[in-house]
Number of protein chains: 2
Amino acid sequence: MIRLLLAEDQAMMRGALAVLLGLEEDLEVVAQVGTGTEIVPTALEVRPDVALLDIELPGISGLEAARELSAQLPECRVLILTTFSRPGYVREAMAAGALGFLAKDGPVEDLADAIRRVLRGETVLDPGLAAATLRAAPNPLTSRERDVLAASEDGSSIADIAQRLFLSPSTVRNYLSAAIGKTGTRNKTEAALTARRNGWLA
Amino acid sequence: MIRLLLAEDQAMMRGALAVLLGLEEDLEVVAQVGTGTEIVPTALEVRPDVALLDIELPGISGLEAARELSAQLPECRVLILTTFSRPGYVREAMAAGALGFLAKDGPVEDLADAIRRVLRGETVLDPGLAAATLRAAPNPLTSRERDVLAASEDGSSIADIAQRLFLSPSTVRNYLSAAIGKTGTRNKTEAALTARRNGWLA
DNA sequence: CCGCACCACTGACAATTGTCACCGCCGGGT
DNA sequence: ACCCGGCGGTGACAATTGTCAGTGGTGCGG
């Protein structure tokens, strides 16, 4: 019996997957969580064989949780399950010690099998996606550039961002200008969007 | 046997729901589609009793499809199933002739029952959500203001938007200024975001 | 120890954006 | 006939944003 932890923020998706996986006779969902913060404590408590983690979660992201998990509970295999096949996500997932990376736009039928494969220690990763990730440029942004872009995502003015990050407006402007250059865009809105799409933020 | 049409863009979610609903002995998923464009043709072919529609779909939106459906196939009840409980969405859904509106952040267990209820002609709509929708201001934007905001969502410059919509840059600036005023925001990025969040676009 | 990259900041300048007053045109309602 | 609101536009002005060159300070690897 493979013991599963399921982390997914959308209640209906979470519930549906839990029922579905529960139908397989070798799988058992032993824990379900809806936030990133709960993942590690719950995993330490229930000791699942495989953790199925969404990336976009309230609290900490599934990627951060994966990092924590492979440090604190290395016998638990991590399978990332996400809406977006962003190059940065794949890169981070592998670096975080995840064994598998599955996109939600694939068929459900693949899921149970992917779980069995990561349990056997096999890597689950679409070859095309792997190639695209290797082809794509790695994250060119510095830590501060990421912070500033993330803070600009809600359309805040430079003055707002400066206040929130305790920086001078000029400094913010400089970081934004650098980020705009590195992303090959023409203003902060575009820069934030492409950085997000590439999985370069948070 | 209740015949269902299922429209949802995320393949895994769609597949999971199909399996799940198929387990109920009075339900039968007779068609699954992943785009908005397929909804009406498929419905006309398979004549489902209930159509379960996501809103955010490639091609036309679930709301537009709902409008078409209640015109061309009035005996088919529409249940909207969506990620976002935006006031504008609820308003549009009801105006489009949908009988039910269900958010994906609720438990899966509610879904089958909601389907049975819309089939009986009952309205499915969370009372709190209904109240919030009535409390919220209706869409204050004119058609052109919506167009311009939608075109500015990707961070385009005013010149870009003007070209795309065949308008003078000055006109675009005027519409944006009006939209910024009406949304109570301070620049086009914020305006586009709040308009989107309220379900005022597309 | 030196170079290098990153962080934080300043000041100047140009380009873009946002505001406002104002124009004419059309269509619907009273 | 009249008013009103939406559409499309102009021009002027102020505010914000983006670019660039340059200043220091820090920490890390060769």
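Residue numbers begin at 1 in each chain, while the letters A, B, ... track the order of the sequences.
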Among C/dG18, D/dG18, C/dC7, the nucleotide that comes nearest once only the side chain of A/I158 is considered
D/dG18
For the pair made of CG in A/L176 and P in C/dT16, what is the distance, rounded to whole Å?
17 Å
Roughly how many Å is it from CZ in A/R146 to C1' in C/dC7, rounded to a whole number?
14 Å
Pair A/T183, A/E190: side-chain N/O donor-acceptor within cut-off below 3.5 Å:
no
Value in whole Å for how far the P atom of C/dT17 lies from CG of B/D160:
8 Å
Please determine whether a side-chain nitrogen or oxygen atom of A/K188 lies at a distance below 4.0 Å from atom OP1 or OP2 of D/dG18.
no
More than 12 heavy atoms of other groups within 6.0 Å of A/Q163 CD
no
Value in whole Å for how far the P atom of C/dG18 lies from CG of A/N187:
10 Å
Nearest whole angstrom, please: distance from the P of C/dT19 to the NZ of B/K182.
14 Å
Round to the nearest Å and state the distance from B/I161 atom CD1 to C/dT17 atom C1'.
11 Å
Between B/R186 (CZ) and D/dT16 (C1'), how many Å, whole number?
12 Å
Which nucleotide, C/dT10, D/dG18, D/dG9, lies nearest any side-chain atom of B/N174?
D/dG9
Between C/dT19, D/dT17, C/dC7, which one does the side chain of A/Y175 approach most closely?
C/dC7
Counting only heavy atoms not in B/E45, do more than 12 sit closer than 6.0 Å to its CD atom?
no
What nucleotide, of C/dA8, C/dT17, D/dG18, holds the atom closest to the side chain of A/T171?
C/dA8
Measuring from A/T142:OG1 to A/Y175:OH, what's the distance to the nearest 0.5 Å?
6.5 Å
Kindly say if A/R144 contacts the phosphate of C/dA8, meaning a side-chain N or O under 4.0 Å from OP1 or OP2.
yes
Quick one: pull up CG in B/L53 and CG in B/L79 and give me the separation to the nearest 0.5 Å.
8.0 Å
Quickly work out the B/D147 CG to D/dG8 C1' distance and round it to whole Å.
13 Å
Between D/dT19, D/dG8, C/dT10, which one does the side chain of B/L167 approach most closely?
D/dG8
What nucleotide, of C/dC9, D/dG9, D/dT19, holds the atom closest to the side chain of B/S168?
D/dG9
Does D/dG11 have its OP1 or OP2 closer than 4.0 Å to a side-chain nitrogen or oxygen of B/S170?
no
If the cut-off is 4.0 Å, is A/T142 near the phosphate of C/dC7, judged by side-chain N/O to OP1 or OP2?
yes
